[in-house]
Visitor: 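Okay, handing you the structure first.
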Amino acid sequence: MLDRRWFRSVFKKALPCLFALLSLSGCKPDKDEPEFLLRTALLVNEEHTWYKAFVYFGEILEERSKGRIKVEVYPSEQLAKEIEAIRLIQADVIDMTTTGSTLTNWFEVATFCELPFLMQDSTDMNRYINGPIGKLMEEEMINKSGLRPLGHFERGPRHLTSNRPIRHPDDLKGLIVRVPNVPSFVTLWKALGAKPTPMAFSEVFTSLQQGTIEAQENPFALINNAGFAEVQKYLNLTGHVMSWVYPVMGEKQFQRLPPDLKEIFLEAAKDMQAYEHRLFLENEKKVQDALKAKGMEFIEVDKEAFQQKCEEAIYNSLSPEMQKIYDQLKVEKDAS
């Protein structure tokens, strides 16, 4: 017969694991458990405006729903990288994330979220978002990717960072540039003479540090947020993309909300967008000063030369249907 002391010892050691399993499985009783717990996966860290906006969203949702809705926000790709996050939402494992042109993996018109050299400023961007192209994108998002847009966050222009100054497309020859997994970005940098390498955002810093890649491109806030000033000397003001992302929720998850909570949810989403935009405008100038203070040198580039060298390749990479939309957007832009 086994000694009772042995059983007590084993049980004592196993008790913490048992509690952990109960907690993970949701078996632990909790009087304050909300009706709807919404998990959000973000690629940015806690200092970024998107993270702060989702935290604010969670606070006002919990307050306005009287605790019926709670939002958990996981930054820095803790839960998943962007494409994985979308798939987890579709599989009903998590609930929300931010995304943009990555949605071209589900529907082609999403390419206009970040099509190089199409938009010059915020005015262009807002005209597209609030016009027919924006409406089409929102419909496709729900119908083809199962995601519901909750508004949009302006990203600011994307610029190239590197360890040698880039003033003209000729300076790019052979440069290994990390890009997101977006076809138009690959087309752009190939046409300009670089070697584009699609890679998850969370892998970029280490890859730059190790020399696996030599450059990357992002808006000012993400360049600062990710600490790229530690591993990149030059910030080349290519401004090649004016873009936005959508905060999104799974359509299945949204439809589960009762009518009263849907109304509260959508109103809070509008407030989240307004809150994030205020943070974005306040942050845009500060972050440039911060990057300069960290030693990054800002380089003026020949933007016209960049645009002329890649415009035909980008246009030809679009399907005939998308080319028609592109032509229409150009007409609208010239008319404005």
Side-chain angles (χ1 to χ4, degrees), residues 42-51 75-77 81-82 98 100-102 114 116-117 153-182 184-243 245 280 283-303 305-307 309-310:
L42 298 178
L43 66 87
V44 297
N45 71 21
E46 293 94 331
E47 298 303 312
H48 198 277
T49 59
W50 302 350
Y51 175 84
S76 305
E77 295 185 335
K81 298 174 174 62
E82 187 176 337
T98 54
S101 54
T102 299
E114 294 185 286
F117 295 109
F153 296 158
E154 184 175 345
R155 302 190 73 167
R158 297 179 79 98
H159 301 291
L160 180 74
T161 68
S162 60
N163 281 321
R164 67 178 192 241
I166 306 294
R167 294 183 172 86
H168 189 275
D170 292 348
D171 300 329
L172 286 167
K173 188 174 181 180
L175 189 73
I176 303 171
V177 180
R178 177 269 173 182
V179 295
N181 190 20
V182 176
S184 63
F185 281 41
V186 174
T187 299
L188 165 70
W189 294 104
K190 272 186 179 176
L192 291 172
K195 294 181 179 177
T197 303
M199 180 183 292
F201 184 75
S202 58
E203 299 169 16
V204 177
F205 184 91
T206 302
S207 297
L208 287 169
Q209 198 173 40
Q210 296 174 346
T212 309
I213 56 174
E214 300 171 294
Q216 68 82 46
E217 47 80 64
N218 261 302
F220 290 124
L222 271 180
I223 292 168
N224 187 57
N225 189 249
F228 292 148
E230 297 176 33
V231 286
Q232 299 270 265
K233 171 68 176 172
Y234 299 101
L235 200 158
N236 310 284
L237 300 172
T238 49
H240 51 280
V241 170
M242 278 294 301
S243 63
V245 298
F280 169 78
N283 191 55
E284 195 71 349
K285 178 64 170 67
K286 290 178 185 175
V287 78
Q288 293 178 56
D289 293 338
L291 288 167
K292 288 175 181 176
K294 291 174 183 178
M296 292 200 88
E297 186 177 335
F298 284 39
I299 304 295
E300 294 292 339
V301 307
D302 186 343
K303 286 187 72 171
F306 275 81
Q307 183 166 355
K309 188 164 184 178
C310 68

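Residue numbers start at 1 and run along the sequence shown. Just so it is clear, the structure is predicted and the values come from calculations on it, not from any experiment.
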Visitor: Determine whether F220 and L235 satisfy the following criterion, side chain to side chain contact (heavy atoms under 4.5 Å, CB included), listing intermediate values before the conclusion.
Guide: CA-CA 9 Å; F220 290 124; L235 200 158; 3.7 Å; yes
Visitor: Looking at OH of Y234 and OG1 of T161, how far apart are the two atoms once the value is rounded to the nearest 0.5 Å?
Guide: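 Between Y234 OH and T161 OG1, I get 12.5 Å after rounding to 0.5 Å.
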Visitor: Got W189 and H240 here, is their nearest side-chain heavy-atom distance under 4.5 Å?
Guide: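 Yes - at least one pair of side-chain heavy atoms lies under 4.5 Å apart.
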Visitor: For E82, enumerate each residue passing the side chain to side chain donor-acceptor pair (under 3.5 Å) test, keeping only those at least two apart in sequence or located in another chain.
Guide: T99, T102
Visitor: Are the side chain of N163 and the backbone of V231 linked by a donor-acceptor contact shorter than 3.5 Å?
Guide: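 Side chain of N163 to backbone of V231, a donor-acceptor pair under 3.5 Å: yes, one is there.
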Visitor: Show the nearest heavy-atom pair for residues Q216 and Q232, with the distance to one decimal.
Guide: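 Scanning both residues completely, I find the closest heavy atoms to be N-OE1, 3.9 Å.
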Visitor: Enumerate the salt bridge (charged side-chain N to carboxylate O under 4.0 Å, His left out) contacts for residues 199-223, please, sequence neighbours excluded, ordered by first and then second residue.
Guide: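 Every salt bridge (charged side-chain N to carboxylate O under 4.0 Å, His left out) pair that includes a residue of residues 199-223, provided the two are not neighbours, is R158-E217.
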Visitor: For residues 286-298, which side-chain donor-acceptor pairs fall under 3.5 Å, sequence neighbours excluded?
Guide:
from: Q288; atom 1: NE2; to: E284; atom 2: O; distance (Å): 3.3
from: D289; atom 1: OD1; to: K285; atom 2: NZ; distance (Å): 3.0
from: D289; atom 1: OD2; to: K285; atom 2: NZ; distance (Å): 3.0
from: K294; atom 1: NZ; to: N224; atom 2: OD1; distance (Å): 2.7

Visitor: Side chains of F153 and T98: does their closest heavy-atom pair fall under 4.5 Å?
Guide: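 Result yes, sub-4.5 Å side-chain heavy-atom pair found.
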Visitor: I'd like to check the side chain to side chain contact (heavy atoms under 4.5 Å, CB included) partners of E230; sequence neighbours left out, ordered by chain and number.
Guide: F205
Visitor: CG/N181 to OG1/T197 distance, rounded to the nearest 0.5 angstrom?
Guide: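 Interatomic distance, N181 CG to T197 OG1, rounded to 0.5 Å: 12.0 Å.
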Visitor: What residues, two or more places apart in sequence or in another chain, satisfy side chain to side chain contact (heavy atoms under 4.5 Å, CB included) together with A221?
Guide: H48, N283
Visitor: Please examine the side chains of L172 and L160, heavy atoms only from C-beta on, and report whether any two atoms are closer than 4.5 Å.
Guide: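 Of all side-chain heavy-atom pairs linking L172 with L160, at least one is under 4.5 Å.
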Visitor: Identify, with sequence neighbours excluded, every residue that meets side chain to side chain donor-acceptor pair (under 3.5 Å) alongside S184.
Guide: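 Not a single residue meets the side chain to side chain donor-acceptor pair (under 3.5 Å) criterion with S184.
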Visitor: I'd like to check F306 versus L192 (side-chain heavy atoms, cut-off strictly below 4.5 Å). Are they in contact?
Guide: yes
Visitor: About how many Å separate CZ of F201 and CG of N218, when rounded to the nearest 0.5 Å?
Guide: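 Atom-to-atom, N218:CG and F201:CZ are 5.5 Å apart.
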Visitor: Work out which heavy atom in L42 is nearest to a heavy atom in Y51; give both atom names and the distance.
Guide: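 The pair with the smallest heavy-atom distance is CD1-CA, 3.7 Å.
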Visitor: Sequence neighbours excluded, which residues qualify as side chain to side chain donor-acceptor pair (under 3.5 Å) partners of S162?
Guide: N236
Visitor: Say you draw a straight line from CD1 of I166 to NZ of K173; how long is it, rounded to the nearest 0.5 Å?
Guide: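 With rounding to 0.5 Å, CD1 (I166) is 13.5 Å from NZ (K173).
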Visitor: Side-chain contact test, heavy atoms from C-beta onward, threshold under 4.5 Å: evaluate it for V177 versus F185 and give yes or no.
Guide: no
Visitor: Given side chains that start at C-beta, do those of R178 and S207 come closer than 4.5 Å, heavy atoms only?
Guide: no
Visitor: Holding to side chain to side chain contact (heavy atoms under 4.5 Å, CB included), I want the full list of residues that pass it with K190, two or more places apart in sequence or in another chain.
Guide: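 Applying side chain to side chain contact (heavy atoms under 4.5 Å, CB included) to K190 gives V186, P196.
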Visitor: Can you name the residues that form a salt bridge (charged side-chain N to carboxylate O under 4.0 Å, His left out) with R155, not counting sequence neighbours?
Guide: E114
Visitor: Test of understanding: with side chain to side chain donor-acceptor pair (under 3.5 Å), list the residues that count as partners of D302, not counting sequence neighbours.
Guide: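 Testing D302 for side chain to side chain donor-acceptor pair (under 3.5 Å), a comparison that skips the adjacent residues, returns none.
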Visitor: Can you tell me how far the CD1 atom of I299 sits from the CZ atom of R164, to the nearest 0.5 Å?
Guide: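 Nearest 0.5 Å value for the CD1-CZ distance: 13.0 Å.
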Visitor: Checking Q210 now: which residues fulfil side chain to side chain contact (heavy atoms under 4.5 Å, CB included) with it, not counting sequence neighbours?
Guide: T206, T212
Visitor: Can you name the closest pair of heavy atoms from P157 and G239 and give their distance?
Guide: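 Heavy atoms only, the tightest pair is CB-CA, 4.1 Å.
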